[in-house]
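Please read the structure below before turning to the comments.
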Amino acid sequence: MPTPEPDLHRRLRLRFQAEGRPGLFAVLQAAVGSVLAGGFRLDSLQAVGRQSFVFAGTALATGAPVVVKQAAFDYGNAVAHTAAGVTTARHALRVEYDALRACTTGHFPVPVALLTAAPVVPAAADIPSLAAEELFLVEEHIRGISLTRAALEAWPALPAPAREDAARRVAAGFVAFWEALWAAGWYYGDVSAGNLMLEEGGRLRVVDGGSAVPAAAEACPSGYTPAFMTPRLFEALSQGRPVPGNLATVLPPLAKVLHFALTRKEPLNGALPDLDHSALHEYTPACRQALAALLHLDAHPEELSAARAALLGWANPPARQASLDGGDPA
């Protein structure tokens with residue numbers, strides 16, 4: 001009896017079929033087993049993003065698991081790859097590498113290497129602009145589960161206070177990460193349950209540094225996940241307009257992430273979640289108030305200070321903070 005195809009491979013095949021690129025999975029799978037010049041073996045195809053193909057790999061010198069990214073190219077459409085377009089696509093990996101290095105809080109994956117090596121996808125040999133060499137970003141492999149899986153599989157078994165406490169840690173951790181990264185000169189916008197991961201013990205990690213861009217007064221909204229976009233962001237994306245590159249822009253999507261994690265209600269593209277959802281009544285009033293304050297920012301970004309205070313007041317209530325500090329909660 002043949003070995004069943006892994007679920008991940010099946011999902012990737014279905015995705016490529018839906019996108020009209022049914023042969024791309026086999027093209028990328030042919031790279032598995034390759035060894036980069038720096039001594040990193042590609043073990044399996046893991047994901048395909050807007051900017052990158054992502055492989056799970058191994059650092060041969062240490063045996064440590066790593067993630068290897070290369071720019072996402074459509075190998076079935078050779079004429080689409082101009083020299084300028086290829087340069088732009090690879091430049092995004094350099095930007096991501098710089099953003100990972102700038103993160104001082106430990107939330108992003110640790111960058112291991114940015115290296116140039118022979119292409120690992122055999123089909124690159126048939127495309128002149130891709131045949132000579134490829135750029136690879138090697139980074140830490142984070143062990144944990146996405147917030148999506150935590151919300152759907154792990155958290156339902158917990159009592160409501162424990163679920164809320166886990167959501168508090170996510171909220172407080174994300175704000176600390178975002179503000180430190182912004183202070184270091186970078187803006188992160190793609191807040192989604194799939195990009196937030198929880199290591200064993202609940203520590204928050206942020207796995208997709210590819211959407212980070214240099215901090216500026218305005219940011220391009222193309223790096224957002226539609227399901228967690230709020231009406232203002234969704235409208236900006238539809239019209240190709242930039243959005244303010246500040247915390248007021250990312251806190252409403254964070255509220256959608258937290259709402260999903262606490263209610264398991266699937267988010268809708270560009271819509272605000274239901275704050276009267278029955279599941280929210282399992283949690284404290286401060287939780288509902290914080291979510292409402294964050295979502296209110298979508299229409300009233302000028303009220304950032306009040307929303308941030310509501311969020312951190314819920315995420316770090318006095319009793320919980322005393323417990324974390326080793327003091328007496330009373």
[Y] backbone acceptor or donor facing [X] side chain under 3.5 Å:
{"X": "Asn269", "Y": "Ala227", "answer": "yes"}
{"X": "Lys265", "Y": "Asp274", "answer": "no"}
{"X": "Ser44", "Y": "Gln46", "answer": "no"}
{"X": "Asn316", "Y": "Ala172", "answer": "no"}
{"X": "Trp182", "Y": "Asn246", "answer": "no"}
{"X": "Lys256", "Y": "Leu268", "answer": "yes"}

Do [X] and [Y] come within less than 4.5 Å of each other through their side chains, counting heavy atoms only?
{"X": "Arg168", "Y": "Trp314", "value": "yes"}
{"X": "Pro244", "Y": "Arg232", "value": "yes"}
{"X": "Leu304", "Y": "Leu251", "value": "yes"}
{"X": "Leu198", "Y": "Arg205", "value": "no"}
{"X": "Trp186", "Y": "Leu100", "value": "no"}
{"X": "Phe174", "Y": "Val191", "value": "yes"}
{"X": "Leu237", "Y": "Tyr224", "value": "no"}
{"X": "His259", "Y": "Arg288", "value": "no"}

Evaluate side chain to side chain contact (heavy atoms under 4.5 Å, CB included) for Tyr75 paired with Ile127, printing each intermediate quantity in order. CA-CA 8 Å; Tyr75 291 98; Ile127 304 175; 4.0 Å; yes

What distance separates [X] [atom1] from [Y] [atom2], expressed to the nearest 0.5 Å?
{"X": "Leu280", "Y": "Leu291", "atom1": "CG", "atom2": "CG", "value": "6.5 Å"}
{"X": "Thr249", "Y": "Glu218", "atom1": "OG1", "atom2": "CD", "value": "10.0 Å"}
{"X": "Leu114", "Y": "Arg94", "atom1": "CG", "atom2": "CZ", "value": "5.5 Å"}
{"X": "Phe73", "Y": "Ser129", "atom1": "CZ", "atom2": "OG", "value": "7.5 Å"}
{"X": "Asp98", "Y": "Leu93", "atom1": "CG", "atom2": "CG", "value": "11.0 Å"}
{"X": "Leu233", "Y": "Phe228", "atom1": "CG", "atom2": "CZ", "value": "13.0 Å"}

Below 4.0 angstrom, N of the basic side chain to O of the carboxylate: do Arg169 and Glu164 qualify? no

salt_bridge(Glu96, Arg101) N-O dist < 4.0 Å: no

Between the side chains of Thr230 and Asp298, does any donor sit under 3.5 Å from an acceptor? yes

Once side chain to side chain donor-acceptor pair (under 3.5 Å) is applied, do any residues pair with [X], and if so which ones, sequence neighbours excluded?
{"X": "Tyr283", "answer": "Arg163"}
{"X": "Thr88", "answer": "none"}
{"X": "Thr105", "answer": "His107"}
{"X": "Glu200", "answer": "none"}

Is there a chain of hydrophobic side chains (I, L, V, M, F, W, Y, each step under 4.5 Å between heavy atoms) that links [X] to [Y]?
{"X": "Ile145", "Y": "Val206", "answer": "no"}
{"X": "Leu294", "Y": "Leu247", "answer": "yes"}
{"X": "Leu181", "Y": "Leu137", "answer": "yes"}
{"X": "Leu312", "Y": "Leu196", "answer": "yes"}
{"X": "Val54", "Y": "Leu36", "answer": "no"}

Does His277 have any ring pair (Phe, Tyr, Trp, His ring centres under 6.0 Å) partners at least two apart in sequence or in another chain, and if so, which? none

Distance-minimising heavy-atom pair for [X] and [Y]:
{"X": "Ala113", "Y": "Tyr97", "answer": "C-CE1, 4.2 Å"}
{"X": "Ser211", "Y": "Tyr188", "answer": "OG-CE1, 3.2 Å"}
{"X": "Ala131", "Y": "Pro119", "answer": "O-CG, 3.5 Å"}
{"X": "Leu115", "Y": "Gly38", "answer": "CD2-CA, 4.2 Å"}
{"X": "Ser192", "Y": "Thr225", "answer": "CB-OG1, 3.6 Å"}
{"X": "Gly57", "Y": "Asp43", "answer": "C-OD2, 3.3 Å"}

Contacts satisfying ring pair (Phe, Tyr, Trp, His ring centres under 6.0 Å) that involve residues 34-72 (not counting sequence neighbours) are none

Report the C-alpha distance between Glu199 and Ile142 in whole Å, list the side-chain angles of each, state the deciding distance to 0.1 Å, and finish with yes or no for side chain to side chain contact (heavy atoms under 4.5 Å, CB included). CA-CA 8 Å; Glu199 292 182 311; Ile142 297 176; 4.0 Å; yes

Determine, stepwise, if the pair Glu139 / Val110 fulfils side chain to side chain contact (heavy atoms under 4.5 Å, CB included). CA-CA 6 Å; Glu139 62 187 44; Val110 176; over 6 Å; no

Decide yes or no on side chain to side chain contact (heavy atoms under 4.5 Å, CB included) for Arg90 and Glu134, but give the supporting numbers first. CA-CA 8 Å; Arg90 290 173 177 161; Glu134 189 55 76; 2.8 Å; yes

